[in-house]
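Everything below concerns the one structure shown next.
All heavy atoms count here, side chains included; hydrogens, waters and symmetry mates do not. In listed order, ligands and their atoms are each counted from 1. No experiment lies behind these values; they were computed from the predicted model shown.
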Amino acid sequence: MTAAPPITVNGAAVAAAPRPGQCLRTFLRQEGWFGVKKGCDAGDCGTCTVHVDGVPVHSCIYPAARAAGREVRTIEGLTADGSHPVQQAFLAAQAFQCGFCTPGLIMTLAALTEPHDADLPRALKGSICRCTGYGSIRDALCTATRVDGDPVGEPVGRSHAAPGALDVVTGAAGFTLDVAIPGLLHMKLLRSPHPHARVRRIDTSDALAVPGVVAVFTHADSPHALYSTARHENPEDDPDDTVVLDRVVRYHGQRVAAVVAESVAAAEEACGRIVVDYEVLPAVLDPQDAMRAGAPLLHADKHGSRIAYPGRNIAAEAHSEIGDVTAGFAAADEVYEATFVSQRVQHAHLETHATVGWMADGRLVLRTSSQTPFLTRDALCRIFGLDRDRVRVLATRIGGGFGGKQELFTEDVVALAVLALHRPVQLEFTREEQFTATSTRHPMRIAVRVGATRDGTLTALQLRTVANTGAYGNHSAGVLFHSCSESLALYRCANKRVDAWSAYTNTVPAGAFRGYGLSQSSFAVESALDELARRLRLDPIELRRRNVVRPGDPLQALRGTAHDDVEIRSYGLPECLDLVEAALTRDSSAPPEGAGWQLGQGIAVSMLNTAPPGGHHAHARIAQRDGGGYVLYVGSAEFGNGTATVHRQLAASALGAHPDDIELVASDTDRVGHDTGAFGSTGTVVAGMATLRAARALAQLIADTPEPGKPLEAEGNSDGTPRSVAFNVHGFRVAVRPDTGEIRILQSVQAVDAGTVMNPMQLRGQVEGATAQALGAALFEHVDIDERGQVTTRALREYHLPVLADVPPTEVLFARTSDPLGPLGAKPMSEAPFNPVAPALANAVRDATGARLTELPLSADRVFVALHEALPAQRG
Ligand code: FES
């Protein structure tokens, strides 16, 4: 038999032949072409796009054998210096955030003959970017690139490029698994086929007999220490209800065993040969059912684990009354009440959860896709009984997170294997595992009651919330409290009441997700206020103006919660309302062609306290570099939030330097003292403040040391308190087609109060990205779970992540504020823009049609039904 001709990659013939059945993506990565990324392995996202004989293909579904005798070009082979016109356009428009999708997008667009004139929606119908909202990508390719200010001018307030931008567009940026490690072993996890079961017996003998299998770990090998997968500064914020490998499985998809083998294929085959004898236990899937007497209990034996009521499946609860709501409702001229339901949605960051670990000089080292390397190290030390100096955790560039990587989903089980085997081990989740076995946004059912006098003065606000935390309580308390806080604290009202529960069910766990519970409560409260305004015959914007919180007002929504360190020291909310109102008035986009479209507009407001309550700590270190410039060490991770750029801008401003003079070393537990992590809107205001203080200290040291003998170095710290307050107002104009329920967005505008705008292009990108992600959740995203508790949404194509064609442009406007609590006046604006989007859209649909949608997503069928239910009422 004649041997197949070799595959040529970027001009060089590859000696290795692909394995039978191997896809081109894994073959290329095996050969060291790490610019080829994995997003889905199903041809859905385009992240793995390469050229074969000049034609772009999704290499994850392209058989490697078919490339024999052909010329394959990866992003590394496009140009190494970023000189291709598409690379240049991406650099100029800063058309990426995490950058994980960027090589695939560039390869897709580079294959077009005239990318600037291309029909982008069609060209990118198979390409997903979860971060940018496509605004900057459109700018890069369709129109003159927008550049705010002089990129070589002042360090702050200019659109300086992200460090590593060239690496991102050339494929050289190193993400978590973009590293070649000799002798690497691969892990695969056997997962539960039942929503609730006890393992009676596991037989691993057949699995161990599979050639290449090195070890199989089960509950018998697991440390007994209980912990939460959630990462917070204070580990006691979350219930300790999890172990590395448990004898009881509480959701369909939970880990049962871990196989380590020389190849992924061997590990997968061995997983299929493990024989497990399960005692199937009764399961409960609905949170209200779970709290009823007699319901199956998930964690009944875990007293002392900080579970609110293990005997009632209540992971966390909150009850609070300020003033007297009964009296407040009695004083109201108008009362509106309804129940709002928000669904289970997924982060869908394109880089799946992944960790690679090894031993070095007797220390455990983990390279992981984590937003919290320091807290992850601390958790591993507790679980495995190790001293801190025996563990190093580092995060390189991270391919998106949105809160989903504020968890411990891969590091613990990889640590178990590396400590046992003393060999390098890698675990990379599939896209299916992302849906079935990580975390989602908490589905919530929120009953709102709101009352006001005839002039629109609020007299009472009441929430009754039931959240589904799934099988484990990670983030259950934090999300519940946060959900009930700023959405109510936003309004001046003497009488407020909250009753809220987060219940365990035998479903995939919920966890942290951009907005941290606020998007659900904002949907409820902002929809209810809109309806109240209509009943009072008041303009919804005017109702907000009369009732929103003002500087000096108490910001407490829940009695007894730690909000006394929150201060409104800058106040751009009125300006945001004015900006959105003016934008909606001046825009007059034509309605879609055809008869019957109904037009309307709506707005919603949201507020976010900077940083989580209870402390968030960052340490930074900066040193003069031999030969000039500085090296800055921070603990905070860059996962598309833009902090790598902002930190350099802050340091440069203090040192009278240019951001390019600052080399950044980030997110490595060996490099700085501590960093709570990149979550809770803290990357700029907490870690950035530590950077600014370190740089100012170094500047002072330089000034005080006229003739230094060696490079000088200084440190800075921040504890994130007092906390500032940021505001967002979103407005939509829509057209709704009554005979189909289709919503067309004619105009989308968001005004943000972010304090000093550190980097206009990057801030605009954060708002556009959050708006697009929120639109996906508002319009179509939904993780489905069947009656057996099994997640049935298992691929991106079943989930409908927004592609470019789905996302209208959003106009982003900045209020002119500067906050004395933030570094150089900045406030956070990465998660906040998500929160007002769904209620603003629902309010616009209500304005257009008369139908009040109380359940997300606002899918066409749901709108159609609601609209036809509303018609008789309207006629009546
Ligand atoms: Fe596109 Fe992150 S920049 S997925």
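At least one side-chain heavy atom of Val749 sits less than 4.5 Å from a side-chain heavy atom of Leu813.
Checking side-chain atoms of Thr79 against main-chain N and O of Gly82 turns up a donor-acceptor pair under 3.5 Å.
The aromatic rings of His730 and Phe732 sit tilted, their planes meeting at an angle between 30° and 60°.
When distances to atom 1 (Fe) of ligand 1 are checked against a cut-off of 2.8 Å, Cys131 contributes no N, O or S atom below that limit. For a distance bound of 2.8 Å, the N, O or S atoms of Cys129 include one lying that close to atom 1 (Fe) of ligand 1. Among the backbone and side-chain atoms of Cys101, none of the N, O or S atoms lies under 2.8 Å from atom 2 (Fe) of ligand 1.
A cation-pi contact, defined as under 6.0 Å to the ring centre and within 45° of the axis, links Arg441 to Phe834.
When His349, Glu351, Gln97, Lys37 are checked for heavy-atom proximity to atom 3 (S) of ligand 1, Gln97 turns out nearest.
Shown in contact with Gly99 at under 4.0 Å from a heavy atom are these atoms of ligand 1, numbered in order with element: 2 (Fe), 3 (S). Numbered from 1 in the order shown, with element, the atoms of ligand 1 that lie under 4.0 Å from a heavy atom of Leu350 read 4 (S).
By the 4.0 Å heavy-atom criterion, Gly400 is excluded from the residues contacting ligand 1.
With no hydrogens or angles considered, no side-chain donor-acceptor pair links Glu798 and Thr792 at under 3.5 Å.
In summary, of the residues considered (Arg431, Lys405, Arg130), a salt bridge (Lys or Arg N to Asp or Glu O under 4.0 Å) with Glu351 occurs for Lys405 alone.
Regarding atom 4 (S) of ligand 1, its nearest protein heavy-atom neighbour is Arg130 N, 3.4 Å.
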